[in-house]
Amino acid sequence: MGKKFERGRFAGEEMLSCRTLYKANGFRDEDFDRPVIGICDSFSEIVPGHNNLRRLAEEVKYGVYRAGGTPVEFGSIAVCDGVCTTHEGANYSLPSRELVADGIEIMARAHRLDGIVLLGSCDKTVPGMLMAAARLDIPAIFLAGGCMLGGPAFGEKRKSDSTSAQEAQGMYQAGKISREELAEISDACCPTTGSCQHMATANSMCIVAEALGMSVPGSAMIPAVYNERLRAAFKSGEIVVEMVREGLSSREIVTEASIRNTIKLLLAVGGSTNCILHICAIAREVGMDAEEVMKLFESYGESVPLIARINPASYEYDAEDFYKAGGVPQVQKELESILEKGCMTVTGKTAEENWRGYRNLYGENRDVVTSLDAPFSTLSGLAIMRGNLAPDSAVAKPAAIAEDVRVFRGRAVCFDGEEAANAAIGARKIKAGDVVVVRYAGPKGAPGMPEMFKPMKLLYGQGLAKSTALITDGRFSGTNNGCFVGHISPEAAAGGPIALVEDGDEITVDVLERKLTLHVSDEELARRRANWHYEEKALHGYMKRYARDVESADKGAILR
């Protein structure tokens, strides 16, 4: 434990001017004898996963007051991958992560906060907040906004989800459903506020926060509309004040050991491929390098099986079902023989004490969370891929790849960017046996590394999910299924081999052996490289700086 709280940072005479300005907001002198707790609220009327955060922030404040602290609220940006569109070819979602982290660092340091509660739910906001917490090394706790409830049954799914509309669009393009049916599922598939219902990046990163020990035990997957979500908010406010009083800071929680545990848990639940980027970035804040993190994913990926089934690993169960089956604590119990049990958490208890003490209100569901002895698949949920197409690595998600396409050989159809690929798929130009290659979509090339959930969903809707593949130096959503590989490094804009692929080249995606192979001779690739030329895009503002400074995907797409 660090230094215990003795006196408010604004209590002394030297801080009179600061107190005076706080008083302009209605605060009193006695408020500064107590811990001052920042509440970073990423509320938005744009992002459904963040629409309820203003209400949760009020509950957090009540908890802070109850425990004897003084809450001060401020905002953060929050970008939704599903809503985010490109501008001049650039995608702003992943780049927002760095701004979230930097903004929180600035607010916390500039205003001398004793502790902080971070409220978020969605893709890049959660990792940005966790990066900031680790960087600040002050008492900090993360509170998720909760998942969305599922919509009516649609297609193969027992409950539709936020991507069902894109799947329906593919079905409409293939003449399988009417325009009226397309409009109906678009209206019905997102019935409540909350983060998207599947094991995509939002829910995966909220799971990461809890697995790291940075959240109230069992809180990651509470649906946004459940009353337990309000109680978790109140509890978070109480806990952070206690953390300040005891001197328990974030770097005593986010450690190499807790990161190792988190990687194992992610592999076991089939988390989003994006989590690999984000864990590399979070780990950097505590002194681990990306290469070390990637080696852990590779090493554990050979032994940690899939023991949780949440869409897209199963169309039967979504995030709400995972919560009712026990969520993170239940998976930790099943993995306890391979987890490091002494990791400290925000509760002041060890991870083992938390998962053993957690009480599930709904009971076990072995169809959702099973044991190490009877896994749903002996393959891990995530896989690091290598080969002559990905010398520095790539990422696949075996949990979402059907067994009959885990080894796929096909002919390349190349596109320089996602928009061109979407147009070709929409025009029904992709056929069975094709490997869709989407390049210049990496962190530097797009810039911003856009998510390829739409082309994959269109292929699914057209009935091509099991007869085509898609590989890219861009990213994927955790909800994608089919045969896909992303994060190919080096990216095309950096001269990676993916830039040299031509239409008709044979490519093999072998998820079982974790190999990504371009069947072209070294001599031919050398000839193509001699003729290759890349011209950087004309960029402006933040994205110009981002493209200049961003590292590759295998390094977490961090900024130099």
Side-chain angles (χ1 to χ4, degrees), residues 94-102 104-105 118 120 123-138 140-142 201 204-215 220 249-269 271-302 304 328 332 335 338-340 342-346 351 380-384 392-395 443 449 475 478 486-487 489 549-560:
L94 180 59
S96 74
R97 182 189 71 183
E98 318 308 311
L99 291 178
V100 170
D102 292 349
I104 293 170
E105 175 195 354
L118 304 164
D123 298 39
K124 310 307 165 291
T125 312
V126 179
M129 289 179 164
L130 294 173
M131 288 164 65
R135 185 184 303 171
L136 289 167
D137 195 24
I138 62 175
I141 188 169
F142 174 79
T201 310
S204 296
M205 284 308 305
C206 294
I207 287 169
V208 164
E210 185 178 334
L212 284 170
M214 288 294 292
S215 295
S249 68
S250 55
R251 284 197 203 167
E252 295 173 80
I253 297 167
V254 183
T255 64
E256 293 188 16
S258 68
I259 288 170
R260 290 192 293 268
N261 278 352
T262 300
I263 291 172
K264 292 173 185 176
L265 191 138
L266 264 180
L267 294 169
V269 302
S272 169
T273 52
N274 286 322
C275 292
I276 297 176
L277 288 171
H278 302 321
I279 290 179
C280 285
I282 294 165
R284 178 204 190 195
E285 302 291 347
V286 296
M288 294 178 70
D289 62 35
E291 184 178 357
E292 184 179 356
V293 173
M294 295 294 280
K295 286 180 178 178
L296 289 173
F297 271 103
E298 284 188 280
S299 174
Y300 298 150
E302 296 177 358
V304 179
V328 171
Q332 289 172 321
L335 296 178
I338 62 172
L339 294 182
E340 298 174 57
C343 297
M344 182 53 61
T345 72
V346 291
S380 283
L382 296 168
I384 304 299
D392 293 341
S393 76
V395 178
M449 205 178 180
R475 301 181 291 115
H487 305 203
S489 300
D549 295 336
V550 70
E551 295 276 14
S552 62
D554 64 299
K555 293 180 174 59
I558 57 175
L559 294 184
R560 286 191 290 271

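All heavy atoms count here, side chains included; hydrogens, waters and symmetry mates do not.
No side-chain N or O of Ser272 forms a donor-acceptor pair with one of Ser204 less than 3.5 Å apart. In the model, His278 has a side-chain atom that pairs as donor or acceptor with a side-chain atom of Arg97 under 3.5 Å. For the 3.5 Å distance criterion, the side chains of Asp137 and Ser249 qualify, holding a donor opposite an acceptor.
A 4.5 Å side-chain heavy-atom check between Leu118 and Met214 finds every atom pair outside the cut-off. Side-chain contact check for Leu266 versus Ile279: some heavy-atom pair is nearer than 4.5 Å. Leu559 is not listed as a side-chain neighbour of Glu551, based on a closest heavy-atom distance of 4.5 Å or more.
Gln332 contributes atom CD, which lies 6.5 Å from atom CD of Glu210 (distance to the nearest 0.5 angstrom). Rounded to the nearest 0.5 Å, atoms CD1 (Ile282) and CZ (Arg284) are 12.5 Å apart. Taking CG from Leu94 and CG from Leu277, the interatomic distance works out to 6.0 Å, rounded to the nearest 0.5 Å. A distance of 4.5 Å separates CG of Leu267 from OG of Ser380, quoted to the nearest 0.5 Å. If you take OG1 on Thr345 and CD on Glu252, they are separated by 11.5 Å, rounding to the nearest 0.5 Å. Annotation: the span from Met294 atom CE to Ser393 atom OG amounts to 3.5 Å, rounded to 0.5 Å.
A side-chain donor-acceptor contact under 3.5 Å links Ser215 to the backbone of Phe142. Lys264 contributes no side-chain N or O that, together with a main-chain N or O of Tyr300, makes up a donor-acceptor pair within less than 3.5 Å. Under the 3.5 Å distance criterion, the side-chain polar atoms of Ser299 are left unmatched by any main-chain donor or acceptor of Lys295. Checked by atom type and distance alone, the side chain of Thr201 never pairs as donor or acceptor with a backbone atom of Asn274 at under 3.5 Å. Put simply, the side chain of Ser258 gets close to the backbone of Thr255: a donor and an acceptor are under 3.5 Å apart. Counting only distance, with no hydrogens or angles, the side chain of Ser250 and the backbone of Ala133 share a donor-acceptor pair below 3.5 Å.
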* Take Ile259 and Val286, measure what side-chain contact (heavy atoms from CB on, under 4.5 Å) needs, and give me the verdict at the end. => CA-CA 10 Å; Ile259 288 170; Val286 296; 3.9 Å; yes
* Give the intermediate values and the outcome of side-chain contact (heavy atoms from CB on, under 4.5 Å) for residues Asp554 and His487. => CA-CA 7 Å; Asp554 64 299; His487 305 203; over 6 Å; no
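The neighbour count for Glu291 CD, taken as heavy atoms of other residues, nucleotides or ligands under 6.0 Å away, does not exceed 12.
Between Arg135 and Asp102, at least one side-chain N (NZ, or NE/NH1/NH2) sits under 4.0 Å from a carboxylate O, which counts as a salt bridge.
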